[in-house]
Amino acid sequence: QKEVEQNSGPLSVPEGAIASLNCTYSDRGSQSFFWYRQYSGKSPELIMFIYSNGDKEDGRFTAQLNKASQYVSLLIRDSQPSDSATYLCAVRSGSQGNLIFGKGTKLSVKP
Amino acid sequence: SAVISQKPSRDICQRGTSLTIQCQVDSQVTMMFWYRQQPGQSLTLIATANQGSEATYESGFVIDKFPISRPNLTFSTLTVSNMSPEDSSIYLCSVQGYYGYTFGSGTRLTVV
């Protein structure tokens, strides 16, 4: 059973701080990793994807991947109240090409 | 990335009835994925729909309960059959694009 684990939170950070979201996965053969943001009542929207070990930066967001530790993280710099949402970590499954999702981490950014 | 039009956006249905959810994609895609998101939970894959072949269902989901149609490379439907209150969820379709996976806006189903 392929699994993706996330701390469900809630994670609360003050405005302007760095929010750190973590995810581990069980399938060592996984190659593609995604972070989605989901506002309440909305569908998930893609923030970033990462395929290679190391860091990938896009604006205020940085994804970090460590395949040896089977660990992927998302850093949000200068957090804003509008970043308050549930963040879903997803891993691409080799069998059908679908995504396997973690349960999500609820982030709250306090003004 | 692909744009998906999903409908209906929400519905309230009587138990024992069926609801068909439609997803239209603005480009041709090989596979479409159908997910369920139960209240307060993450997304669970129901099935993968490949044009021209039977859908592939995940453990715990069966064709009689969730029949899927995939008549062409831009369209798919998911039917939730013989509904019970336990089927109350958000149902989402998804496709893979160059920059990742895109989701439809979701169908919020309430069964009473």
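To find a chain, count down the sequence lines: A is the first, B the second, and so on, and within it residues start at 1. The analysis underlying the following values was restricted to heavy atoms, covering all of them including side chains, and did not include hydrogens, waters or symmetry mates.
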Are more than 12 heavy atoms from other residues, nucleotides or ligands located less than 6.0 Å from atom [atom1] of [X]?
{"X": "A:Glu15", "atom1": "CD", "answer": "yes"}
{"X": "A:Arg60", "atom1": "CZ", "answer": "yes"}
{"X": "B:Arg10", "atom1": "CZ", "answer": "no"}
{"X": "B:Lys65", "atom1": "NZ", "answer": "yes"}

How far apart are the closest heavy atoms of B:Leu92 and A:Pro44, and which atoms are they?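 Result for this residue pair: CD2-CD, 4.2 Å.
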Minimum heavy-atom separation for B:Ser42 to A:Lys103, with atom names?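 Nearest heavy atoms, B:Ser42 then A:Lys103: CB-CA, 3.5 Å.
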Following the transitive rule for hydrophobic clusters with a side-chain heavy-atom cut-off under 4.5 Å over Ile, Leu, Val, Met, Phe, Trp and Tyr, establish whether [X] and [Y] coincide in one cluster.
{"X": "A:Ile47", "Y": "A:Leu65", "result": "yes"}
{"X": "B:Ile46", "Y": "B:Leu109", "result": "yes"}
{"X": "B:Ile12", "Y": "B:Ile21", "result": "no"}

Taking A:Ser43 for its side chain and B:Gly106 for its backbone only, find out whether a donor-acceptor pair lies under 3.5 Å.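 No, A:Ser43 side chain to B:Gly106 backbone: no donor-acceptor pair under 3.5 Å.
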For the side chain of A:Tyr36 and the backbone of B:Tyr101, is there at least one donor-acceptor N/O pair under 3.5 Å apart?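 Yes.
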Side chains of A:Leu88 and B:Leu43, heavy atoms from C-beta outward: is any pair under 4.5 Å?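 Yes. Closest side-chain heavy atoms under 4.5 Å.
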Using a 4.5 Å cut-off on heavy atoms from C-beta on, say whether the side chain of A:Asn98 contacts that of B:Tyr35.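 The answer is yes, as the side chains (C-beta and beyond) meet within the 4.5 Å cut-off.
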What part of B:Gln37 is in contact with chain A, defined as an atom under 4.5 angstrom from a non-hydrogen atom: side chain, backbone, both or neither?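 Just the side chain, heavy atoms under 4.5 Å.
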Between A:Gln38 and chain B, with a heavy-atom cut-off of 4.5 Å, which part of the residue counts as in contact: side chain, backbone, both or neither?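 For A:Gln38, side-chain heavy atoms alone lie under 4.5 Å from chain B.
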Let me know if A:Leu99 has heavy atoms under 4.5 Å from chain B in its side chain, its backbone, both or neither.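 It is both, since atoms from each part get that close.
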